[in-house]
Structures are given as structure tokens and as C-alpha cells.
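Beneath this line is the structure, given in C-alpha cells, with notes to follow.
Every heavy atom of this structure was used, including side-chain atoms; hydrogens, water molecules and symmetry mates were not. Remember, it's a predicted structure, so these values are computed and weren't measured experimentally.
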Amino acid sequence: MDQKILSLAAEKTADKLQKFLQTLKEDDLANLLQHQAVKGKAVGTLLRAIFKGSPCCEEAGALRRLNIYTCCIQLVESGDLQKEVASEIIGLLMLEAHSFPGPLLVKLANEFVGAIKEGSLMNGKSLELLPIILTALVTKKETLAYGKDELSGEECKKQLITTLCSGRWDQQYVIQLTSMFKDVPLTAEEVDLVMEKVFKMFSKLNLQEIPPLVYQLLVLSSKGSRRRVLEGIIAFFSELDQQRREEESGDELLDLITVPSGELRHVEGTVILHIVFAMTLDCELGRELLKHLKAGQQGGFSNNVCPFSVALLLSVARIQRFEEQVFDLLKTSVFKSFKDLQLLQGSKFLQNLVPHRSCVSAMILEVVRNSVHSWDHVTQGLVKFGFILMDSYGPKKIIDGKMIETSPGLSRTPNQHACKLGANILLETFKVHEMIRQEILEQVLNRVVTRASSPISHFLELLSNIIMYSPLILQSCSSKVTESFDYLAFLPLQTVQGLLRAVQPLLKVSMSMRDSLILVLRKAMFARQLDARKSAVAGFLLLLKHFKVLGSLASSQCSQSVGVTQVHVDVHSRYNSAANEAFCLEIMDSLRRCLGQQADVRLMLYEGFYDVLRRNSQLANSIMQTLLSQLKQFYEPQADVLPPLRLDACVLTQGDQILLQEPLDHLLCCIQHCLAWYKSRVMPVHQEEEEEEEEEGFYQELDDMLESITNRMIKSELEDFELDKSADFSQSTGTGIKNNLCASLVMGICEVLIEYNFSISNFSKNKFEDVLSLFMCYKKLSDILNEKAGKGKTKTANKTSDSFLSMKFVSDLLTALFRDSTQSHEESLSVLRSSSEFMRYAVSVALRKVQQLKETGHVSGPDGQNPDKIFQSLCDITRVLLWRYTSIPTSVEEPGKKEKGKSISLLCLEGLQRIFSAVQQFFQPRVPLFLRALDVPGNEGDGVEVTVTQRATFQIRQFQRALLNLLSCQEEDFNSREALLLVSVLSSLSKLLEPSSPQFVQMLSWASKICKENSWEDALSCKGMMNLLFSLHVLYKSPVALLRDLSQDIHGHLGDIDEDVEVEKTNHFAMVNVRTAAPTVCLLVLGQAEKVLEEVDWLINRLKGQVSQETMSEEASSQATLPNQPVEKAVIMQLGTLLTVFHELMQTALPSGSCVDTLLKDLCKMYTILTALVRYYLQVHQSSGGIPKVMEKLVKLSGSHLTPVCYSFISYVQNKSSSPQHTGGKRKNSATVAVAMARVLRETKPIPNLIFAIEQYEKFLICLSKKSKVNLMQHMKLSTSRDFKIKGNVLDTLLREEEDEDEEEEEEDEDREDTASEHGGQDEEPAKKKRKKETKCLS
């Protein structure tokens, strides 16, 4: 039969073939085809012949074709055919599909759709035919019967696709079906339909099937809906990540976890690669991704940013055209996230409205961890992003003064958070990616070396962390570090010290690196630049500290850890300690040469020797010998020579310049500390080992010298130093400069000797008398210097100059003076206690030390760089000062002790205030330990855990009592300075209270009570107290009601802008009185109002962002407004209350200046935010179905209480600024007039902005009225301030006044011809006055 069909098909005409085919039954043809196809024999030729004999123009032929198609599709799906045969059949069917009549195409397509929905397809090969059928259907112009309807080909296709997408898809054909749609002409609506169906199938597929499906979706996205594709992919992986996190954190057994982590990460990596590849071909896809993520940024960082989308962005950054945009987006997202977090932490109002947000740091660091799974395309972006964050948000250079670095781990501002995140990204990337380590290290070192002028502490900290992680890994990159050593001589000293401290663990494992460093330092030692020589000294001292000589005391006795805990080798395995000793002695030789250099270089040595000695006690002999020989150059050996030291030799005269050659006070200080340490640590060990006595000679000799210096210093008079009252101390003469240098040396030496004698005294009365005599010498000189300096600059400089007393000694001295009640010490301590000046001096030195800590982050003297020791001393000092202040308040202190300067109690309070703020600045993690140290022994409960809040409350109560006692005393005894300090201490301590605790609420109600019941005249104390109240209030609830009460009080005290109106005085807060109402309280109220406006603005922006996202996903838009209602209501309520605050303040007769200025600016902001709210309702109006009633009320309130009063206030400001020039203007010279005019311009500058803001608000209200069909403008009266109607009668009166004034001025000028120049200035004024008056009278 097949042969006959083929022979008939070979004829020119198809008539015989048609007749023959008509005689055959359907089954015969089908069986024939099946038989031929299974055998694989020329089935293609047979099919062509059948199609030739079945023309579509005849019904029978068309039906035969349909049956053939159905038969072939079943054959292909059966899987019995060879691959080539199946492909040939499908190819032929595709070619012939277009000639089908429309109704049969519909039928055929329906069969396909039915098969797909029923899941009867076997291998899906025949699906290749479906797009051809659908495409052919679109070309049919006639109407076709589809079910009961008559539809066009296009509509039929749409109906078929809808049916297909609404049915069930077998999991194994999802990819094929998606791929099929790329060949079908689809409208945007149909593309969306297909996308939605595919995304619903995502969760049902195996993880391994996702990447090919994503690839097909990306191909399909070229037809439209690019954004939807990206949204769907990101949402899917975000949800998977979330599930995974919950499973890992949950209690389920590990075998229940649905997806292995590694597999998920590999799939994510592949998908990211597919997307990035698609973006290189289709830029529009990249733009859509950026748009999608930017839109989400408005509504909050966590809305659509997840670890997957961050990884995707970092990968996209490899495409050059998107690189800058991607990093900008990521940078602003991170910064905004931290800023939002800061805003949320500072406001209870926002915390109640906005749910907890995911932490951006954790999210990005998760990407770093995930990138281990072969995400090489992400790592490069991570490194770049880490450096971008560190460069953009690192510490900035401050022109005057140094950068104050807070302790690590306590990042306060969003900038510091962002910079820390950058450093963490780089450190974690360094840990997990071996390939990229060299690059990270290289870039960090480049920044350290090239950015000498800007602060680079954050890069040094990162370098230190990288090296500490594992020095051995970095040995391979040692050439980079060695290269950076070449620049040491040209870098600032601080950078050199930081760099060497960071690389120090490397020096212990790399001999070659150590050798190259020593070469560099030796060269630098003889450089011309002073800084280079100082750097060399710093480097050598560091090496001495860290290379131990055998027999040195264990490092557990050193205060700072050596920082080699992670060095996984024995630090002495490469070279023995004998080599270390030779090496250290060689360095000591180099350092001795420095003792002939400038004072600055010597100073560094003296400051560094004590640390070296503590770490490397075997070098004691060498160091002490060096110091002894240096001291001998300036020491008078004969016991009767006064003074005992040659001060002249310490000062050098070079031409006109007089310089300090030898910082003798620092030399003695170094000797004293080294000696004390040696006696306490080394000598006991030596005595146990019974070593020879000859070594001890040095120490005995030094002791004798210090003893002799003490005795002779006490005997010496100021005349012996040529520094008595008659001496010249002016800074302009050579002698004066020299005397100043000598005086500071003598004062320093006295302080060193005070510490030395106290520490060796063992509470001997004679020694304490010596201490007091030394102090009197110090005091006399200090008084002379202060007196001579008068009110000049040196006085203040002298006050803040550093003290030579060490922090530890200050704490011991204060403890002995105030807290030592041992009977045997009583008599000797009474010597020191009898001098109130000495006691005051001891407390004031403690104050100076704490101030130095706050300014620089460390203190001078031994252990001044060691946070543990500083913290311990702070605890001890605080205990003493707290006891002294609470047990002897200022009010009961003896009157004689208050004569000069502040009383001791007040100094103690000032010290406490500084310490509390310093501890929170530098020791935040140790606050619990600090508070525990202050507790009275025995105050602890029996094993009960006492919280920070409870401990802080105990301290707060003491200061509250002190403040109440101060308030209860007579008015003339009220000390405003003490009140201010107490409020400041309470503010610091209140930050330690947990805002949700009852103690916090008690503190708030106490602060509120103080403000309500007490009237303080002193502006600063009042400001402090009000600030305390506000800072507590915002963490409890929104302060708007408080602001309203305060604004009413201000209005009552200052009166109304309309003098005829008498204001009813409210008295909510006694703290508001005539003296403090303006500017103090007024500015505070406006400042708080501005913060509330900022919060409201943030909420409105967030609402707008959410709306714009919801409108993108249509199904969400139906309930778009429901979750936002509480936020909208809160925003409107806040604005309503603020509106009443401004209503009160605008009617207040505020004095010209900052209050008026700030109020105008805040009003402008208020209208801008009202406009933003109106625009938000314009945006959501379609979906929300109307404007809430509460919004209508707000608009009504703004029309009745805000805008009219606003225009009155503007007139008041303009009249106020024009009146001073008009009255008595004749007697003012041009300079005064110019100043007055400048002030007027400054004050009236915000007025045009304000009027513009009002008009913008009204413009958008009109738009909203039209859109919502609600007349919102009925409460708005159109403004009259812009109605420039000239009134003739008023103008005539003004002109006449002007002429009269001009005549008077001319008469005066004839009398004073020499003031002709001034006449010009006055001549110009009336015109301006006239304009001012016009504006006043226009109505």
C-alpha cells in the first residue's frame, strides 16, 4: 500500500492519489504510518505523499490531515520511535501546519491543551508543534467557533493560553512548556499570565531544575515583563533562604532540612550567572533590576533586598555599564539602613509603628559566607564594595584637633557602622577566599602608605585583624609588607606606630621581614626629617617590647597581651633567645645614639623605655644604665649645691630661637617608674635566686640621687632657679621663653618627686611632709605663671597642660586622702589632709587625666595606652569621688575651703560627670563591671543577678537627692554650676536604663516633676534639665503633647503679637519663666518639633515606597491601604498636635533672632510635609476609595489654625524688622544701618520660602479635592499677603513723612559737613522704610 501511495504521489497531478486515499479507512492509514515509523523506513516521504493527496481546500482532505496529525503526535509521544524519525515527523508537521483551516487548528490546539492538562503526554517531544499551531491560528482573519463563542484567531489563541495556564502542568514538562512560549507571539498580558503560572510551579520543582527554567524565563522576558521575571526569581530565593534560616535555627533534627545548604548555594550561583549573562545581551533587564531594587529602597531596606539580591547586584557590577550604579545603590542602601536604624532606636513612637527590620550587616556578611560555594563572580564585587564603604564612611580629617576614635565595637553614627561593615566584609572575604587575599592586603597597604594626610586608623585596624587571623598564611605575601617598609620614613608618626603594631606578629614568624625592617629603621635614624627619626625610635622600641630575652618575666605579668595567640608556631623556634638578646642589645646601642638628638626624639625614648622594661625585664640593666648616665649630665653631685639639677643645660639657644634640649622632667619620670617597677617585680626574684650584689649598684645609686634631688629641691627657693616673681615670663623675649621652659621643667620635676616620695613613703610622716613641701614649690610657680600670664592664652594652656602623675598613682593618692581610715596611717595622712590646696590639686589632676582620655582615647604615663589598667583606675577614682561628693556635699563644706576656685566637692562632681561620659564613650561593653565596682561592699543580694538598670538606678538616686537638696536651699545659695553638672551626670546615667523598665518610667516622672515645680533662672541649667526630660520622653512615647504644653507656657510668658490681646497664663511647667522662655525653651521646643517632623517625613516616604511597590503587583493593590491605616492615622495625629504647637508659637511675641528664624524654617518644613501627605493621598486615592475623615479634619485645622496665623506672624516679623530703623534712624551712622539691614535680610530670608510652601500645599489640596470630589478648600482662605493693591491715601501719608525726614537730615548735614559720607547712607534708607511700610499697610 505504501508503495502505491508513493508511486501515485510521484505523478504530476494529485487527482489519482486523492481518489486512492479516499478509498482507504482512517485506521489503515494510521496503521501504515505506525508500521513505517517504527521500522524507521522513509516515513517522511510517505507523510509528504499523504499530505499531497489531502489538500486543505477540500473538507475530506483537511479532516484526513487532522487524523494524520493526531496519529503522528501519538506516535511521537509513545516513545517507540528513533530520535531521528520523531524529529523528521515533527519537522514535516510543522511545515504543513500553516495550511490548516482555522476551525481544525482550534481543534488540534484544544487536543494539545487537553493532553497537557490531563498529563497524558509521555515525553513532550510533540510540544514543539504547539507554538507553530498557535502562530498559525493568529494569522487566521475569519471568525472561528470556540466553544459557544465566535472569536477571531487572535482571541482564540488568547483563550487557549488562558486555559493552558489555568490547568495543571506536569512537573517534568514545565521547562519545555516555558521554552515553547518563546516561539509564540504573545501580548504583554499573555506574557504576565505565563509568568505567573511558571512562578507558581517553581516551588514544586526540584532545585536542580530551577536554573534551566530561569534561563527559559529570561529568554521569554525579551517579550516583556522583565521586571516581573526578576521580582519572581528574587522572591523565590529570598523565601528559600528564609526557610533555610528558620530550619537551621529551629529545634528540628538536621535530617528534616529540606535542601542541603551547599546544593542551594550552587543553584543560586548558577541562576545568578544566567541572569548576568542575559543582562550582557539585554541592557533593559539590568535597568529593570536596578529600578526594582531602588523602588524597594524607599519602603525600607529589607523589603526586597535579601542575600540573594545582594549577591546578584555584586555580580552585575562586573558589567561595566552597571558598575557605578550598582555600587551607588548598595552604598546608599546600607547607609540608609543604618540611618533608619538610628532613627528607630531614638524614638518609641516609630518603634511602635514599624516592625523590627533585618540587619543589613548580617545580610551582607551572609553573602560573604555563601560565596564559598564557587561564587567567584561575587567575590570581586564584595572586595570592591568593602573598600568603597571604608573609603566613603571612614573617619574624616578634622582641621583643628585630632580625630577622636571611639573604642572598636562601639560604632555610634551610621558612618561608623558603614565603615565597620566594610572592614568586616573584607576581613571575612579574606578568611574564606584564598585567591583574593593578596589583592586585599595590597589594597590595604596602598591606602596606609598613600593616604598619609587623612586618618587611616580603620585601615590599620583591618590590617591588624587580617594579620592576627593567621600570620603564617601571610608569609606568602610578605614581599608586599616589606615593600611598604620603604615608605616608613615618609609617613606620619601615628601611621608608623599603627602599621608596625599591626605587622608585629609577622615579624615573629619571618626572619627576613624583621631584617628588612631593621635596615629601614637604621636608615631612618639618621634621616634629616625629625619625623623619620621619631618613627625609627618608635619602631625600635616596638621590636624591643616583643622580642623577649631568655629569663624575662612571664608575659602574664605584663598588662597587655602580646597579640600572638594566633601564631601557630613557637615564637622562638626560628631563632633562639640568645640571638634575641644580641639583637636587643644591638638595638639598645642604636637607641643610645638618639639621646644626643632633639628633645622630641628623647621624649619618645623616655616614654617608651618603661613599656620595654615591663615586657623584657632582662634588658633592665642596659636601660637603667643608659638612663643613669643621661641623668648624670644634669645632676649636681655635691650635696650642698642648690638647685640639684643644671636646668641651663636643658635649654638650648640657637641664634634667636630658644629650644628645649633635654626634657629632664620626662627623664626623671621614666627613671622613677622604671625604678619602682624594678623594685616591685625584679628585685624580689633576684633575692630569691641570691644573685651577686654588683648589679644592684645602679638601683641604689639612682635611689640615692632621687633622694638627694628631693631634699635639695625642698631647700631650694625660686630665686635659686631664677624664677621668682621678678623674673620675666613674657613669650615675646628670649629670657621670658627660657624662663617659661625652666618653670615647666621645675613643675614637672616636682610632680615626679611627689609621686616618687609618696610611693616609697610607706606612710611615713616625714615623707609626706616632703611631698607637701614639693607641692608648695609647684604651687608657687604655678601661681606666678598664672599671674604673669594674666588673662592671656598661656593661662588656659597652663591649666590644661598634662600632669606627670600617673593614672594609677592618682587613684592611689585619692584613695589614701579620702578613704584610708587605717589607724596607723592617720597621723601621717593628716599632714596632707590639712592642706585643702593639695587635696584640690589631687582631684583636679584626676579631672585632667579623664579629660585627656576623652580627647585622645588614652592617658599619658605608664600603662596609659592599656585599656584594662585605665579602666581599673577609673573605677577606683570614681569610687573615691562618689564617696567624697555624697558624704560631704558642697553646701556643708567648710567656708574656708571655698575661697579660691571651686570647692573640692564641686570638683569631685565635675570629675564624676566626665568619667561617666568617658566610660560610655570608650568602655561601653564594660559598663556592668564599672557599675559593680561602684557598689558598696555587702550591697549585693544573695546570689541574685543585679541588672545594669538596677545598679544605675541606685547611683541615679544619690544624684537625685543631691539635686533636691540643692533646690531646697536658699535662692542666694543656689549654685547653678552644680545644678548643671548634676543634670549632666543624671543624663549620662539615664542612658544606662532599659526604656521598658519601671525604673525608666520613674526617672521620667521625676524629671517631669522637677521641670513642673521648679523655676530656674539660669539658662544653661534649664536647658540641661529640659534636654534630659526630652531625651527620656522620646524613648517612652512621642513628645508632641509635651511640646503643646510648653508652647502654651511660652505664649503666656512672652505675650501675644497683638498687643491688645491678653493671653491667659498657663503654668504647666514652672521651668518656663520670663528669662528662660525665649530663646532657651523656645529653641528646644522647636528643635524637638523638627525631630518629630523628620520622623513623620520618614514615615510618609516609607508609605509612598510601599504604595509604589504594591501598585506593581496588582493583586496586592486591593488591600493596599489596610496595613497602612495605623501608620497614616499616627502621622495625621502627630501633625495635628504639632499644628497646635505652631499655632501657639506664631501668636507669641518672640524676640528677634534665632527663635523667629528657626520658627519660620520649621513652619516651612511643616507645610512641605503636609504637602507630602496630600501627595501620598493623591497616589493611593484610586485604591483606597476615599480620604479618611481624620485627614479632612487635619486639613480643616490647617485652614483655621495654621495658615491665617502664619500670615499674621509674617506681617509681625516684617513690621518688627522695619520699626527699629525708622525710629531714631537719623542718629544712626551707615555702619549701624548696614548691620541692622543685614540682620533684617537674614530674618526675612525664610519668608518667601514659607509663602511658596503654603501655596504648594494649597495647589495640591485643590488637585486632591478634584480627584476625591471632597471640597477640602472650603476651610482655606486665600492669602492676602500677595495681594499687592496700592492704597493711594496710605502712600501719600508715607511720602509726606519721608519728605519731612529728608528736610531734617539736610539741616543736620549743613551743621556737620564732615559727615557727608554718612549722609549718603541715610539718604538711601527712607526708600527702604517706605517699602517696609507699604507691605505692612497692604491689605
If we ignore hydrogens and angles and just use 3.5 Å, is the side chain of [X] paired with the main-chain N or O of [Y] as donor and acceptor?
{"X": "E994", "Y": "T949", "answer": "no"}
{"X": "R840", "Y": "S903", "answer": "no"}
{"X": "S803", "Y": "V845", "answer": "no"}
{"X": "R914", "Y": "L847", "answer": "yes"}

Original post:
To the nearest 0.5 Å, what is the distance between CG (L1028) and NE2 (H1033)?
Top reply: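 So the gap between those two atoms works out to 12.0 Å.
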Measure the shortest side-chain to side-chain distance between [X] and [Y] over non-hydrogen atoms and say whether it is less than 4.5 angstrom.
{"X": "E607", "Y": "L603", "result": "yes"}
{"X": "L675", "Y": "K679", "result": "yes"}
{"X": "D868", "Y": "R926", "result": "yes"}

No-hydrogen, no-angle side-chain donor-acceptor test under 3.5 Å, [X] and [Y]:
{"X": "S984", "Y": "Q913", "value": "yes"}
{"X": "Y756", "Y": "E751", "value": "no"}
{"X": "T822", "Y": "D820", "value": "yes"}
{"X": "Q955", "Y": "Q958", "value": "yes"}
{"X": "T1076", "Y": "N1073", "value": "yes"}
{"X": "S860", "Y": "K849", "value": "yes"}

When the ring planes of [X] and [Y] are compared, do they come out parallel, tilted or perpendicular, using 30° and 60° as the limits?
{"X": "F923", "Y": "F871", "answer": "tilted"}
{"X": "F809", "Y": "F758", "answer": "perpendicular"}
{"X": "F838", "Y": "Y841", "answer": "tilted"}

**OP:** For side chain to side chain donor-acceptor pair (under 3.5 Å), just list the numbers for E978 and Y885, CA-CA rounded to whole Å, side-chain angles, deciding distance to a tenth of an Å, and then say yes or no.
**Re:** CA-CA 11 Å; E978 186 174 358; Y885 178 72; 2.5 Å; yes
Original post:
Could K1012 and F1069 be counted as a cation-pi pair, given that NZ or CZ must be under 6.0 Å from the ring centre and within 45° of the axis?
Top reply: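 Yes, K1012 lies over the aromatic ring of F1069.
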Ion pair check, [X] and [Y], cut-off under 4.0 Å:
{"X": "E461", "Y": "K420", "value": "yes"}
{"X": "D1018", "Y": "R1075", "value": "no"}
{"X": "R932", "Y": "D935", "value": "no"}
{"X": "D783", "Y": "K780", "value": "no"}
{"X": "E755", "Y": "K808", "value": "no"}

Could you pull out the closest heavy-atom pair between [X] and [Y], with the gap in Å?
{"X": "V880", "Y": "R819", "answer": "CG2-CG, 4.0 Å"}
{"X": "A846", "Y": "L814", "answer": "CB-CD1, 3.8 Å"}
{"X": "E1013", "Y": "A1070", "answer": "C-CB, 3.8 Å"}
{"X": "P928", "Y": "P925", "answer": "CD-O, 3.6 Å"}
{"X": "S782", "Y": "M747", "answer": "CB-CE, 3.9 Å"}
{"X": "S988", "Y": "Q920", "answer": "O-NE2, 2.7 Å"}

**OP:** Would you please name every residue forming a ring pair (Phe, Tyr, Trp, His ring centres under 6.0 Å) with F804, sequence neighbours left out?
**Re:**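 F804 satisfies ring pair (Phe, Tyr, Trp, His ring centres under 6.0 Å) with H666 only.
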**OP:** Return the set of residues passing salt bridge (Lys or Arg N to Asp or Glu O under 4.0 Å) with D1045 (not counting sequence neighbours), or none when no residue passes.
**Re:**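 Scan of D1045 (salt bridge (Lys or Arg N to Asp or Glu O under 4.0 Å), adjacent residues dropped) gives none.
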Subject >> With sequence neighbours excluded, residues passing side chain to side chain contact (heavy atoms under 4.5 Å, CB included) with N1014 >> reply: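 Once residues adjacent in sequence are excluded, the partners of N1014 under the side chain to side chain contact (heavy atoms under 4.5 Å, CB included) criterion are L967, I1010, W1016.
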Subject >> side-chain contact (heavy atoms from CB on, under 4.5 Å) assessment of M1025 paired with L986 >> reply: CA-CA 9 Å; M1025 195 64 219; L986 286 165; 6.0 Å; no
Original post:
Does the side chain to side chain donor-acceptor pair (under 3.5 Å) test come out yes or no for T413 and Q416, once each step is laid out?
Top reply: CA-CA 5 Å; T413 62; Q416 286 166 313; 3.3 Å; yes
Original post:
Passes side chain to side chain donor-acceptor pair (under 3.5 Å), S917 versus K854? Steps please.
Top reply: CA-CA 8 Å; S917 91; K854 281 180 73 176; 2.9 Å; yes
Assess whether atom [atom1] of [X] is packed by more than 12 heavy atoms of other residues, nucleotides or ligands within 6.0 Å.
{"X": "K1023", "atom1": "NZ", "value": "no"}
{"X": "E826", "atom1": "CD", "value": "yes"}
{"X": "F763", "atom1": "CZ", "value": "yes"}

Subject >> Criterion side chain to side chain donor-acceptor pair (under 3.5 Å) on T710 and D770, from CA distance to verdict >> reply: CA-CA 8 Å; T710 302; D770 289 353; over 6 Å; no
**OP:** Could you check F775 against L832 for side-chain contact (heavy atoms from CB on, under 4.5 Å), going step by step and ending with a plain yes or no?
**Re:** CA-CA 10 Å; F775 169 69; L832 296 179; over 6 Å; no
